[in-house]
K.L.:
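One structure, pasted below without further comment.
Chain identifiers are assigned alphabetically (A, B, ...) following the order of the sequence lines, protein sequences preceding nucleic acid strands; residue numbering begins at 1 within each chain.
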Number of protein chains: 2
Amino acid sequence: MAEEELNIGVLLFIPYRAMENRVFAALADAGYADFTVAQARVVQRIGPNGTRLTELAEQAQITKQTAGFLVDQLEKAGYVQRVPDPTDGRARLVRIAERGATAAALANRVAADIEAEWTEHLGAQHMRQLRRALTRLREITDPYQ
Amino acid sequence: MAEEELNIGVLLFIPYRAMENRVFAALADAGYADFTVAQARVVQRIGPNGTRLTELAEQAQITKQTAGFLVDQLEKAGYVQRVPDPTDGRARLVRIAERGATAAALANRVAADIEAEWTEHLGAQHMRQLRRALTRLREITDPYQ
DNA sequence: ACTAGTTAATCAGCCTCTCTGACTATCGTC
DNA sequence: GACGATAGTCAGAGAGGCTGATTAACTAGT
């Protein structure tokens, strides 16, 4: 569908997918092959002092069970740790482990490189406008702030 | 990660996901509940005269097997038909069926409504700039033109 | 005309991610 | 203390994706 003009949703998806693919390819090349998109969506929500499973699940918009499943894998692979929450005996905090922090740093570096390429192609001003428009769009499309 | 400024990939993903969710909710409400995201990504690539399975798979970036599985479901549900390709005895063309065309029309209408809301929020000029930037980004991020 | 290679599609089996439903342990409140 | 809410886990199921192997049909190179 859409003969002349592509749906704006598709237009958003194309560069998103391109970035995702390149970041994961770079991680795989660097020896982090056991890292998946689903895991990444959880890891990104972990705060500096650790975050509870339930909160991760809410923010990633998945069930607690699914979040638990993904955190199990991340823990086995050494990307995160689970530590008891001192303020609540039922809860545990999921924290980024060293391997996770290294991988995240690499991912951020690659993402920044790609953004730089995009800026090269669009020009700095249009890139700034793009970022601004997307940030404003977030006001009406992001359930989490 | 990203304390002050969100990664551009995430910024692209948030509105994309919001649109997708709303379109599928509208389709489900209208009686097209048996229609999934994975199926939609295939259906969107079907051309006016029908498209081969292999080509659909390539463009949707999935394997032929997966594409075949999804087209099976779409065919059972009445959204598409498979007809022999007159130019190649091995191949068959996947075509949109009537139920598929009706659903697609509804989906496009809902997507246009959402885009109108976004235009309302951003202003017409910024929306035009957004569309333009994304279209130009497509030049370097879309493997299929 | 035959062989070899390519392409279109399918079959079989497996893995990952996601869900629902049911359960245990702990917390907070009245 | 009793009760409802909350944090997390266990069990089972389904969707959507993969690799590998196979069949059928087209295309080229002798």
Side-chain angles (χ1 to χ4, degrees), chain A residues 13 17 20-21 24-25 27-28 32-47 49-77 79-95, chain B residues 13 17 20-21 24-25 27-28 32-47 49-77 79-95:
Chain A
F13 184 69
R17 185 62 175 274
E20 189 178 81
N21 286 343
F24 277 89
L27 284 170
Y32 303 104
D34 58 341
F35 192 67
T36 69
V37 176
Q39 289 171 10
R41 292 204 184 122
V42 171
V43 167
Q44 280 190 321
R45 308 289 185 156
I46 300 175
N49 303 315
T51 303
R52 291 187 190 174
L53 188 69
T54 300
E55 204 179 329
L56 291 177
E58 266 177 33
Q59 290 188 20
Q61 300 184 65
I62 54 179
T63 59
K64 288 188 292 178
Q65 293 91 322
T66 300
F69 173 77
L70 294 169
V71 169
D72 280 349
Q73 295 181 318
L74 287 164
E75 196 173 23
K76 265 179 216 142
Y79 292 111
V80 305
Q81 299 170 319
R82 276 193 254 227
V83 297
D85 184 337
T87 70
D88 190 330
R90 294 165 301 179
R92 290 194 284 169
L93 295 174
V94 180
R95 281 225 191 104
Chain B
F13 183 69
R17 186 62 176 271
E20 187 178 83
N21 285 343
F24 277 88
L27 284 170
Y32 303 103
D34 57 341
F35 193 67
T36 68
V37 176
Q39 289 170 9
R41 292 203 184 125
V42 171
V43 168
Q44 280 190 321
R45 309 289 183 155
I46 301 176
N49 303 317
T51 303
R52 290 186 191 175
L53 189 67
T54 300
E55 204 180 329
L56 291 177
E58 268 177 30
Q59 291 187 18
Q61 299 184 62
I62 55 179
T63 59
K64 288 188 291 179
Q65 293 90 322
T66 300
F69 173 77
L70 294 169
V71 169
D72 280 350
Q73 296 180 320
L74 286 164
E75 197 173 22
K76 265 179 216 143
Y79 291 112
V80 306
Q81 298 170 320
R82 277 194 254 226
V83 298
D85 185 338
T87 71
D88 191 330
R90 295 166 300 178
R92 289 195 283 168
L93 295 173
V94 180
R95 281 226 192 103

K.L.:
Please confirm whether the backbone N or O of B:I62 pairs with a side-chain atom of B:T66, one donor and one acceptor, at under 3.5 Å?
P.N.:
no
K.L.:
Identify which nucleotide among D:dG17, D:dA21, C:dA9 has an atom closest to any side-chain atom of B:A38, counting heavy atoms from C-beta outward.
P.N.:
D:dG17
K.L.:
Report yes if a side-chain nitrogen or oxygen of B:T54 is closer than 4.0 Å to either non-bridging phosphate oxygen (OP1 or OP2) of C:dA9; otherwise report no.
P.N.:
yes
K.L.:
Could you state the CZ-P distance from B:F24 to D:dG16, rounded to the nearest angstrom?
P.N.:
10 Å
K.L.:
Can you check whether A:T63 has a side-chain N or O nearer than 4.0 Å to OP1 or OP2 of C:dT18?
P.N.:
no
K.L.:
From the list D:dG20, D:dT9, D:dA7, which nucleotide is the closest neighbour of the side chain of A:L53?
P.N.:
D:dT9
K.L.:
In whole angstrom, what separates B:R92's CZ from C:dA9's C1'?
P.N.:
8 Å
K.L.:
If you measure from the Lys or Arg side-chain nitrogens to the Asp or Glu carboxylate oxygens, is any gap between A:E20 and A:R41 under 4.0 Å?
P.N.:
yes
K.L.:
If you check every side-chain atom of B:Q65, which of C:dA9, C:dA12, D:dT9 has the closest atom?
P.N.:
C:dA12
K.L.:
Looking at A:T51, A:L70, A:T36, A:L53, which one forms a side chain to side chain contact (heavy atoms under 4.5 Å, CB included) with A:V42?
P.N.:
A:L70
K.L.:
Which nucleotide in the set D:dC18, C:dT26, D:dG8 lies at the smallest distance from any side-chain heavy atom of B:T66?
P.N.:
D:dC18
K.L.:
Expressed as a whole number of angstroms, how long is the span from A:E75:CD to D:dT9:C1'?
P.N.:
13 Å
K.L.:
By nearest heavy atom, map A:V37 and B:L93 onto DNA chain C; which one lands nearer the 5' end?
P.N.:
B:L93
K.L.:
With respect to the phosphate group of D:dT6, does any side-chain polar atom (N or O) of A:R52 fall under 4.0 Å of OP1 or OP2?
P.N.:
no
K.L.:
Side-chain N or O of A:Q39 less than 4.0 angstrom from OP1 or OP2 on C:dT16?
P.N.:
no
K.L.:
Do B:Q81 and B:E75 have side-chain atoms, one donor and one acceptor, less than 3.5 Å apart?
P.N.:
no
K.L.:
Parallel, tilted or perpendicular: which fits the ring planes of A:Y32 and A:Y79, with parallel below 30° and perpendicular above 60°?
P.N.:
tilted
K.L.:
Atom CD of B:E55 and atom C1' of C:dT7: how far apart are they, to the nearest Å?
P.N.:
13 Å
K.L.:
Atom CD of B:Q61 to atom P of D:dG16: distance rounded to whole Å?
P.N.:
18 Å
K.L.:
Using whole Å, report how far CD1 of A:I62 lies from P of D:dG14.
P.N.:
21 Å
K.L.:
How many Å lie between NZ on B:K64 and C1' on D:dA24, as a whole number?
P.N.:
12 Å
K.L.:
If each of A:R82 and A:R90 is mapped to the nucleotide of DNA chain D with the nearest heavy atom, which maps nearer the 5' terminus, i.e. the 5' end?
P.N.:
A:R90
K.L.:
Rounded to whole angstroms, how far apart are CD on A:Q73 and C1' on C:dC17?
P.N.:
8 Å
